[in-house]
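As the structure lists them, so they are numbered: ligands from 1, and atoms in each ligand from 1. Along the sequence shown, the residues carry numbers beginning at 1. Given the structure is predicted, the values throughout are model-derived calculations rather than measurements. As a basis for the values below, the full set of heavy atoms in this structure was taken, side chains included, without hydrogen atoms, waters or symmetry mates.
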Amino acid sequence: MKPTDTPKTYRVKSFGCQMNVYDGERMAELLEAKGITPAPEGEAADMVVLNTCHIREKATEKVYSDIGRLVKSGAEAGKEPLIAVAGCVAQAEGEEIMKRAPAVGMVVGPQAYHRLGDMLDRAVKGERSTDTDMPEDAKFAALPKRQKVSPTAFLTVQEGCDKFCTYCVVPYTRGAEISRPFSDLVDEAAKLVDAGAREITLLGQNVNAWSGEDAKGHAVGLDGLIRELAGLPDLQRIRYTTSHPNDVTDGLIAAHGEVDKLMPYLHLPVQSGSDRVLKAMNRSHTAESYLKLLERFRAARPDIALSGDFIVGFPGETEAEFAQTLDIVDAVGYAQAFSFKYSPRPGTPAASMPDHVAMEVMDERLQRLQAHLNRDQYAFNKASVGKTCDVLIERKGRKPGQWLGKSPWLQSVFFDSELQIGDTVRAELVHAGPSSLQGRLLEHAVA
Ligand code: 5AD
Ligand code: SF4
């Protein structure tokens, strides 16, 4: 790699989960603290960060094709962009990327990206570097302070996963579970609110495993953190994702009934409705224990909207076992859900299990599952018509004069009235579509 000028413009492209979105925002802040500004829309950037996802499919191949495209579009614009590969593919394939893609100057894992600035200084001198350490030192403390945020902000409170579901790469790419300290989180949340956030989503691969010590030195779980954040006067909404059924506490369930700012929405993946498959997945819950747990959430907060993740075609999954997944879907009535075909991840136990399911079978099962999930999402939306609720306005819609916000149940709600990003409005939900609703403005209700 040749020495180069310090980049003037950057672009961060994040793929995958919301934690990557959060990491991408933090990397952007880090680059901005070095005086590098976002590349204008449609213009080639001097530096590009590919913040990658490794959870499913040919993520790695996608990284190589993205790199090729960047080199080509850079050349057309007369530049050689500095390319950094970050995220979970960087963690899993760091050395390989360096070998295969000479255009890449930096490879940085999700636990090391606070060192991106130093790596950039080296890249400017013509030195390539890889950092996929999982250091104990506080990544978050080393990052610059949050500056500008949208009305809905993410806050990573927990990282890593100790669950080792047999299909999943996360415990390998993101490492062991760590919880960020209570006081740091309260501090960062307060800053987000000062910077304009009205809703904060607490993020973690296994967010309900978060634990810490409050200001008095008492041990607290996620519900304790939620209760503390609910005390921030200008914060209107709190959400959290993603949870594991086995780490749900009584306190968290109770919080849904007691903390008004905690939104009536729960993303609780079940993955499969078959106990045999769940066991092979190392999920350590059953379909029945999952349903019982949901009943307790519903008892605490009857209008709670439920969301889940599903995998079809786990190795050995029979038609009868798949039918049990459809049964659990029908039993729950999800307001929203994410469903995937099983994808063997190198190094995970499931990848070497026998009886992999044929792609056509997985395609067909996914279609059937999604038909049930879409039906239920539409039914949930239709059942919301006539309700009055607060909607937090997030952005303009695609059509001129249209504005879009989210209901407490995380549904997209469109308005044809002139509104402002960050407004909270009181609205009647007047019309339901399969994945959004139309709202009628009743009043501005900035809480
Ligand atoms: N194949 C398919 N889906 C997967 N997920 C995680 N690993 C895999 C895999 N190997 C899904 C799970 C998880 C979501 C984030 O991604 O449903 O909850
Ligand atoms: Fe992966 Fe399972 Fe951990 Fe979720 S709980 S991140 S699916 S290992």
Side-chain angles (χ1 to χ4, degrees), residues 14-23 52-60 62 87-89 91-92 110-111 156-179 201 203-210 222 240-248 266-274 277-285 287 289-290 293 306-317 322 325 328-329 332 334 336-353 356-359 361-363 365-366 369-370 373:
S14 287
F15 304 89
C17 67
Q18 288 155 324
M19 303 212 31
N20 259 13
V21 175
Y22 175 91
D23 291 345
T52 60
C53 172
H54 198 43
I55 199 132
R56 282 175 295 272
E57 288 163 26
K58 298 157 193 122
T60 319
K62 181 162 171 35
C88 291
V89 178
Q91 188 66 36
Q111 303 306 344
T156 292
V157 304
Q158 181 277 340
E159 285 193 288
C161 183
D162 297 341
K163 287 281 184 279
F164 290 93
C165 298
T166 53
Y167 51 80
C168 187
V169 283
V170 167
Y172 311 97
T173 54
R174 292 269 173 170
E177 282 175 8
I178 61 123
S179 292
T201 302
L203 296 180
Q205 260 95 28
N206 191 8
V207 72
N208 55 329
W210 182 88
L222 187 66
Y240 61 93
T241 198
T242 284
S243 302
H244 191 288
N246 291 6
D247 289 322
V248 169
L266 172 69
H267 180 68
L268 194 66
V270 65
Q271 314 296 356
S272 167
S274 149
V277 172
L278 287 170
K279 193 150 192 275
M281 288 177 164
N282 192 31
R283 291 288 296 178
S284 50
H285 59 79
S289 68
Y290 175 85
L293 198 53
L306 299 169
S307 159
D309 289 345
F310 298 87
I311 297 176
V312 301
F314 185 81
E317 184 190 71
F322 169 67
T325 299
I328 201 164
V329 165
V332 172
Y334 289 93
Q336 221 183 44
F338 304 89
S339 48
F340 314 101
K341 287 183 277 190
Y342 168 73
S343 164
R345 310 312 298 138
T348 57
S352 49
M353 286 180 185
H356 279 241
V357 176
M359 190 51 87
V361 177
M362 288 206 274
D363 283 333
R365 286 183 188 166
L366 188 66
L369 173 61
Q370 289 182 343
L373 293 169

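- N20 approaches F15 most closely through the heavy-atom pair ND2-O, 2.8 Å.
- Heavy atoms only, all atoms of each residue included: T242 and N208 are closest at O-OD1, 4.3 Å.
- When heavy-atom distances to ligand 1 are checked against a 4.0 Å cut-off, I55 comes that close through both its backbone and its side chain.
- The distance from ligand 1 to the heavy atoms of Y342 drops below 4.0 Å at these ligand atoms: 1 (N), 2 (C).
- When heavy-atom distances to ligand 2 are checked against a 4.0 Å cut-off, P171 comes that close only through its side chain, counted from C-beta outward.
- Protein heavy atom nearest atom 4 (C) of ligand 1, with residue, atom name and distance: I311 CD1, 3.6 Å.
- For atom 2 (Fe) of ligand 2, the closest heavy atom belonging to the protein is C165 SG, 2.3 Å.
- In this structure, atom 7 (S) of ligand 2 lies nearest to the protein heavy atom Y167 OH, 3.3 Å.
- The heavy-atom pair separating H356 from P344 by the smallest distance is CE1-CB, 4.2 Å.
- Of the candidates Q205, K163, R345, the one placing a heavy atom closest to atom 4 (Fe) of ligand 2 is Q205.
- The nearest heavy-atom contact from the protein to atom 1 (Fe) of ligand 2 is C168 SG, 2.3 Å.
- A pairwise comparison of heavy atoms in I55 and R345 identifies O-CD, 3.1 Å as the closest pair.
- Of the heavy atoms in Y167, both backbone and side-chain atoms come closer than 4.0 Å to ligand 1.
- Atoms of ligand 2 found under 4.0 Å from any heavy atom of H244, numbered from 1 in the order shown, are 5 (S).
- Atom 5 (N) of ligand 1 has its closest protein heavy atom at R56 NH1, 3.6 Å.
- Contacts between K341 and ligand 1 below 4.0 angstrom, taking non-hydrogen atoms only, involve the backbone exclusively.
- Residues L293 and P245 approach most closely at CD2-O, 3.4 Å, considering heavy atoms.
- Residue contacts to atom 1 (Fe) of ligand 2: C161 brings no N, O or S atom closer than 2.8 Å.
- Residues A209 and S179 share a closest heavy-atom pair of O-OG, 4.1 Å.
- With hydrogens and angles ignored, the 3.5 Å screen pairs no side-chain donor or acceptor of N206 with any backbone N or O of E177.
- Checked against the 6.0 Å centroid threshold, F164 and Y172 count as a close aromatic pair.
- Here the protein heavy atom with the shortest distance to atom 9 (C) of ligand 1 is S343 O, 3.6 Å.
- Within ligand 1, the atoms closer than 4.0 Å to a non-hydrogen atom of R345 are 10 (N), numbered from 1 in the order shown.
- If you look at F164 next to ligand 2, the close heavy atoms, those under 4.0 Å, all belong to the backbone.
- Considering CG of L373 and OG1 of T325, their distance stands at 10.0 Å, rounded to 0.5 Å.
- Protein heavy atom at the shortest distance from atom 12 (C) of ligand 1 is Q271 OE1, 3.4 Å.
- Residues F340 and Y167 keep their aromatic ring centres 6.0 Å or farther apart.
- The protein heavy atom nearest to atom 13 (C) of ligand 1 is D309 OD2, 3.5 Å.
- A donor atom on one side chain and an acceptor atom on the other are not found under 3.5 Å apart for E317 and Y342.
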